[in-house]
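Structure record follows, encoded as structure tokens.
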Amino acid sequence: MCASPVPVNVLGSLSSGRIRTVDDVVEFEAHRSRLFGIAYRMLGSATEAEDIVQDAYLRWSQAEDVETPSAWLATVVTNLCLNQLTSARARRERYVGPWLPEPVATADGTLGPVDTAERRESVSFALLVLLEQLTPVERAVFVLREAFAYPHAEVAAVLGLSEANSRQVHRRARQRLVGHQPRRSASRGQELLERFLAAAYEGDVAGLERLLAADATSWADGGGKVNAARRPVVGANRVARYLIGILARFDTATNVSFVEVNGDLAVVGWVGETPLGLFAPQIEGDWVVALRIVANPDKLTYLAAQLSRSGELSGLQG
């Protein structure tokens, strides 16, 4: 779920904007999921994406004579994100340790359909991290074109470019991401993940190594707020020992749940309804080739709220 819908009984803007009709609010809500999906892919932050969508609603509440709401709202959200990216980039340069996106549960359609490999890829941790290498305009063109299949004419209109410019920026963005390999589907994803987690809890280094690719890499985002590796851990043996060390800190009150996050199955550790961390393995074939760990508590609040609303917290496994 995204931010809570605007209550129908609060139809006026919060300032001097015109009074909205019920149809106007319904119109905005019809676009909310797509707007949130654009903002999240642009920013890698669900919390910031929610704020962007709310800001877009306030602007919508003050707008007059909008001929094409879908295009108008996409333009507003994209440009708000471009402004946000300028300051976000400076903050991330000061970020303590590896930066990872905020995890978002995707089974409920919060980020739009993830029913194809291409759609899952558009919200994957791996791709969202790589998008940080792009300029804000390159990222906007890439997201609109690749994730939402906007024609270049519409991308150009949203960003104030010529169509030829849009094509050029898109080509440049793809060239800068040329090293990215889309994930290959895992043949036994949940079974492998269960074995992986069991070996980690048992302290079975050899068992974990058998499930890890030789050059497996782990990134941990603690944001300087919890104890986490501040550099990538590389190699099957080192990743296995690092993961076992992390899980050894958890006490018997910790529960785990399997959740579809950013298009893939992930493991969330909990004490009560408080998330302690998320383990997002990247599985290709029968191997875990990468492991991304989100432990920064600020980055887990959105996911916890999502799962609480959906009732998934009631199904925690010991």
Side-chain angles (χ1 to χ4, degrees), residues 1-2 40 44-47 49-50 97-111 114 120 123-126 128-129 183 186 188-202 208 211-212 216 218-223 225-229 233 239-240 242-283 288-318:
M1 296 177 193
C2 304
Y40 176 75
S45 167
T47 306
E50 280 192 315
W99 176 91
L100 292 174
E102 280 186 43
V104 175
T106 45
D108 63 359
T110 292
L111 294 177
V114 288
R120 287 195 300 275
V123 295
S124 71
F125 279 100
L128 290 173
V129 169
R183 295 167 298 181
R188 297 179 289 116
Q190 180 155 349
E191 177 195 344
L192 192 151
L193 184 52
E194 289 173 349
R195 289 168 53 207
F196 186 80
L197 190 63
Y201 268 114
E202 292 166 5
L208 274 179
L211 299 173
L212 286 160
S218 172
W219 295 266
D221 181 338
K225 299 192 174 186
V226 298
N227 187 19
V233 178
V239 170
Y242 175 63
L243 181 57
I244 289 169
I246 291 176
L247 293 180
R249 303 176 200 160
F250 291 179
D251 60 31
T252 55
T254 304
N255 295 307
V256 299
S257 60
F258 293 89
V259 181
E260 183 190 293
V261 171
N262 289 66
D264 272 325
L265 199 61
V267 179
V268 185
W270 308 84
V271 170
E273 295 190 359
T274 301
L276 297 181
L278 174 137
F279 298 83
Q282 183 176 334
I283 299 173
V288 174
V289 300
L291 180 66
R292 295 174 177 87
I293 302 168
V294 181
N296 183 343
D298 294 344
K299 290 192 172 183
L300 296 169
T301 55
Y302 183 87
L303 179 66
Q306 266 190 302
L307 299 181
S308 178
R309 288 193 295 267
S310 70
E312 288 192 44
L313 290 183
S314 62
L316 296 181
Q317 304 175 15

Self-check item: Test side chain to side chain contact (heavy atoms under 4.5 Å, CB included) applied to Val261 and Leu303, Val123, Val294, the passing residue
Solution: Leu303

Quiz item: Can you check whether Tyr302 reaches Ser45 side chain to side chain, under 4.5 Å on heavy atoms?
Solution: no

Quiz item: Does the Asn262 side chain pair with the main chain of Val104, one donor and one acceptor, at a distance under 3.5 Å?
Solution: yes

Quiz item: Passes side chain to side chain contact (heavy atoms under 4.5 Å, CB included), Phe279 versus Leu243? Steps please.
Solution: CA-CA 10 Å; Phe279 298 83; Leu243 181 57; 3.2 Å; yes

Quiz item: What closest approach, in Å, do Ser257 and Trp270 show between heavy atoms, and which atom pair accounts for it?
Solution: OG-NE1, 2.9 Å

Practice problem: Could you check if a side-chain atom of Gln282 sits within less than 4.5 angstrom of a side-chain atom of Phe125, using non-hydrogen atoms only? | Solution: no

Quiz prompt | Heavy-atom pair of closest approach, residues Leu300 and Pro103 | solution = CD2-CG, 4.0 Å

Exercise. Taking the side chain as every heavy atom from C-beta outward, state whether Val129 and Trp219 have any pair of such atoms under 4.5 Å apart.
Key: no

Self-check item: side-chain contact (heavy atoms from CB on, under 4.5 Å) partners of Ala220, counting only residues at least two apart
Solution: Ala228, Tyr242, Ile293

Quiz item: Considering only heavy atoms from C-beta outward, does the side chain of Phe258 approach that of Val267 to under 4.5 Å?
Solution: yes

Practice problem: Could you tell me the separation between the CG atom of Asp108 and the OG1 atom of Thr106, rounded to the nearest 0.5 Å? | Solution: 8.0 Å

Quiz item: Which residues satisfy the side-chain hydrogen bond (donor to acceptor under 3.5 Å, both in side chains) test with Asp221, sequence neighbours excluded?
Solution: Tyr95, Lys299

